[in-house]
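This report refers to the structure that appears directly beneath it.
We number each residue from 1, following the sequence as shown.
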Amino acid sequence: MSKKEKVIFLIDMDAFFASVAVLKNPAFAHKPLVIANNHNKAIISAASYEARAYGIKAAMPLNMAKQLYKNLIVTQLDYQFIETISQRIWELVKTKFTNLVEVVSIDEAYVDVTQI
């Protein structure tokens with residue numbers, strides 16, 4: 001009898017906060033967008049792929065990002081909405097694929113797909 005190796009996937013939802021902001025406000029779609037408080041000393045929590053094309057990224061000071069792209073859309077984190085979407089995604093993974101899901105953060109989980 002051979003021992004079956006485990007297959008574990010890491011799901012890490014890149015640009016998750018920015019994507020959820022677009023879900024909540026479709027007018028943000030396909031535009032350079034960051035999640036941050038809109039003041040001079042703010043730090044970016046997340047950047048959309050469109051913003052990343054200008055060199056803008058998470059953990060960057062907002063004032064530096066605005067120098068890279070002056071029409072940058074800045075929106076604040078709606079944690080309750082993001083948490084709701086995250087829970088829906090993990091429930092979908094558990095329902096459609098496997099219930100062996102270990103959520104490690106709001107946008108990241110380990111998924112045991114050995115039996116799939």
Self-check item: Contacts of Y69 that satisfy ring-ring contact (aromatic ring centres under 6.0 Å, His included) - sequence neighbours left out
Solution: Y54

Tell me if a side-chain donor or acceptor on [X] pairs with a main-chain N or O of [Y] at a distance below 3.5 Å.
{"X": "T98", "Y": "K94", "result": "no"}
{"X": "K4", "Y": "T114", "result": "yes"}
{"X": "N37", "Y": "H39", "result": "no"}

Please report the interatomic distance [atom1]([X]) to [atom2]([Y]), rounded to the nearest 0.5 Å.
{"X": "K31", "Y": "N71", "atom1": "NZ", "atom2": "CG", "answer": "10.5 Å"}
{"X": "Y110", "Y": "L10", "atom1": "OH", "atom2": "CG", "answer": "5.0 Å"}
{"X": "E108", "Y": "M13", "atom1": "CD", "atom2": "CE", "answer": "9.0 Å"}

Determine the minimum heavy-atom distance between [X] and [Y], stating which atoms define it.
{"X": "H30", "Y": "E50", "answer": "CA-OE2, 3.3 Å"}
{"X": "A51", "Y": "V34", "answer": "CB-CG1, 4.3 Å"}
{"X": "A58", "Y": "A47", "answer": "N-CB, 4.5 Å"}
{"X": "A109", "Y": "V101", "answer": "CB-CG1, 4.0 Å"}

Quiz item: Does a side chain donor of either N38 or Q76 reach within less than 3.5 Å of an acceptor in the other side chain?
Solution: no

Group every Ile, Leu, Val, Met, Phe, Trp and Tyr by side-chain heavy-atom contacts under 4.5 Å, then state whether [X] and [Y] land in the same group.
{"X": "V103", "Y": "I82", "result": "yes"}
{"X": "F16", "Y": "F28", "result": "no"}
{"X": "Y79", "Y": "F17", "result": "yes"}
{"X": "I35", "Y": "I44", "result": "no"}
{"X": "I56", "Y": "M64", "result": "yes"}

Quiz prompt | side chain to side chain contact (heavy atoms under 4.5 Å, CB included) partners of Q67, counting only residues at least two apart | solution = none

Quiz item: Should the heavy atoms of other residues, nucleotides or ligands under 6.0 Å from CZ of F81 be counted, would the total exceed 12?
Solution: yes

